[in-house]
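Below is one structure, written out as structure tokens, with a few remarks after it.
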2 protein chains.
Amino acid sequence: MVKIMSNLSNNMEEYLKKLLKLSTAGFIDIRRKELASKFSCVPSQVNYVLETRFTLERGYMVESKRGGRGFLRIRRIHLPVENILAMFFQEAADNGIGSKKAKDLILRLYESKFISFRESRLIEASLGSLQLIKDESLRDKLRGKMLKEMLMVLV
Amino acid sequence: MVKIMSNLSNNMEEYLKKLLKLSTAGFIDIRRKELASKFSCVPSQVNYVLETRFTLERGYMVESKRGGRGFLRIRRIHLPVENILAMFFQEAADNGIGSKKAKDLILRLYESKFISFRESRLIEASLGSLQLIKDESLRDKLRGKMLKEMLMVLV
DNA sequence: ATTGTCCTGACCATCTTTGACCTTAGCTGA
DNA sequence: TCAGCTAAGGTCAAAGATGGTCAGGACAAT
């Protein structure tokens with residue numbers, strides 16, 4: 001009797017991921033308008049889903065073409081752990097990192113088997129405690145530093 | 001026979017616990033507004049009940065999502081209630097804990113095989129980053145909270 | 001009377017959805 | 001040819017839908 005809450009964006013995300021799994025090519029091509037119509041929403045809703053769910057941080061790449069015969073192409077990418085870590089160290093470790101990006105990063109490291117499930121939960125728990133800090137800038141900075149220190153230990 | 005005071009909060013608590021018992025999934029999802037409406041109170045009352053009755057110490061975990069189709073998810077978790085560690089964590093989370101005590105605790109947890117070597121290093125790394133914080137009181141408090149959150153996750 | 005618990009309401013933060021307006025690519029007909 | 005039409009996709013800001021926080025007053029227990 002437990003109802004799982006789902007919304008348009010989540011449904012569309014699931015749908016696209018299912019398509020991706022089924023595809024042999026490693027990517028899928030879709031029409032923005034058609035997809036929007038299938039889910040009875042405005043086309044820009046599709047952009048929202050792509051921007052929030054199919055980001056590089058989560059391991060996806062989106063290409064597109066406008067005009068007649070335009071398309072949206074979604075690709076699953078599997079970066080080696082070193083690249084994932086390198087991206088983090090290059091742009092987030094010192095300048096701070098938002099909580100959403102941090103979560104995505106942890107998820108990817110887990111998916112890549114670089115860290116265990118317990119370790120991923122441990123890291124998330126430590127970062128989650130930072131909500132105690134009011135100053136957002138300090139929070140982001142600390143989050144970056146903590147992640148860096150923790151990942152260094154694991155290398 | 002102790003008579004349970006019947007007030008809004010207690011009623012809501014009982015109601016939620018009944019739902020939890022009935023659920024096969026081990027958790028329930030609710031809408032804050034709906035629940036408030038069912039009990040004819042303001043939505044923030046729900047938060048009050050969750051904060052006072054469905055705490056980690058009492059064996060519950062609450063997750064939530066805001067925005068359209070948001071939800072509150074209450075989960076029953078099974079901790080050894082009379083666990084002395086749990087009390088210690090609570091104390092640490094409430095009043096903070098110094099870095100030396102924290103280190104000793106981590107060491108003991110590792111020695112008793114409660115956590116792995118990597119995990120112990122991970123925890124120390126995250127706590128070490130707190131040096132970035134100037135305010136000692138905030139630092140101790142954060143250290144306590146992080147420790148608690150991290151170890152709770154591992155139980 | 002004092003203290004702790006309960007409730008409320010105003011204001012805040014976050015996530016989602018929509019719609020008006022913009023840009024780009026391909027096609028077509030004078 | 002190539003200007004203009006048509007068919008895509010892109011951006012952005014505002015509105016909508018939830019949940020979160022906090023201070024203060026009401027009320028109950030002692």
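What's counted below: heavy atoms across the whole structure, side chains too, no hydrogens, waters or symmetry copies.
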Determine the contact category for [X]: base if any of its heavy atoms lies under 4.0 Å from a base atom, sugar-phosphate if only primed atoms, P, OP1 or OP2 are that close, otherwise nothing.
{"X": "B:N7", "answer": "sugar-phosphate"}
{"X": "A:S44", "answer": "base"}
{"X": "B:R53", "answer": "sugar-phosphate"}
{"X": "A:Y48", "answer": "base"}

Practice task
State whether A:K65 places a side-chain N or O below 4.0 Å from either non-bridging phosphate oxygen (OP1 or OP2) of D:dA7.
Solution key: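 Answer is no, no contact under 4.0 Å.
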Exercise for the section: Could you tell me whether the phosphate oxygens of D:dA8, OP1 or OP2, come under 4.0 Å of any side-chain nitrogen or oxygen in A:S64? Expected result: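 Answer no for this pair, as no side-chain N or O of A:S64 is under 4.0 Å from OP1 or OP2.
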If I take atom [atom1] in residue [X] and atom [atom2] in nucleotide [N], what distance separates them, rounded to the nearest angstrom?
{"X": "B:N10", "N": "C:dG4", "atom1": "CG", "atom2": "P", "answer": "19 Å"}
{"X": "B:E63", "N": "D:dG20", "atom1": "CD", "atom2": "C1'", "answer": "16 Å"}
{"X": "A:L72", "N": "C:dT24", "atom1": "CG", "atom2": "P", "answer": "16 Å"}
{"X": "B:K33", "N": "C:dT14", "atom1": "NZ", "atom2": "C1'", "answer": "16 Å"}

Problem - Distance-only donor-acceptor test (3.5 Å): side chain A:R31, base D:dG9 - result: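 Not at all, since no donor on one side and acceptor on the other fall under 3.5 Å apart.
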Handout entry: Any donor-acceptor N/O pair under 3.5 Å between D:dA8 base and A:R69 side chain
Key =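 Answer no: no donor N or O sits under 3.5 Å from an acceptor.
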Practice task
May I ask you to test the A:F39-A:N11 pair for a side-chain heavy-atom distance under 4.5 Å?
Solution key: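 The answer is yes; the side chains approach within 4.5 Å.
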Handout entry: Polar side chain donor-acceptor pair, B:Q45 to B:S9, under 3.5 angstrom
Key =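 Yes, because at least one side-chain N or O of B:Q45 sits under 3.5 Å from a partner of the opposite role on B:S9.
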Practice task
Evaluate whether atom OH of B:Y110 has more than 12 neighbouring non-hydrogen atoms of other residues, nucleotides or ligands under 6.0 angstrom away.
Solution key: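 No - once you tally the heavy atoms of other residues, nucleotides and ligands closer than 6.0 Å, there are 12 at most.
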Select one nucleotide: of [options], the one nearest the side-chain heavy atoms of [X].
{"X": "B:Q45", "options": "C:dT18, C:dC7, C:dT23", "value": "C:dC7"}
{"X": "A:R66", "options": "C:dT16, C:dT23, D:dT11", "value": "C:dT23"}
{"X": "A:K100", "options": "D:dG10, C:dC15, D:dG20", "value": "C:dC15"}

Problem - Whether A:R75 side chain and A:V62 backbone form a donor-acceptor pair below 3.5 Å - result: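 Judged by distance alone, no pair lies under 3.5 Å.
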Problem - Inter-residue atom distance A:D104.CG - A:T55.OG1, 0.5 Å rounding - result: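 OG1 of A:T55 is found 5.0 Å from CG of A:D104.
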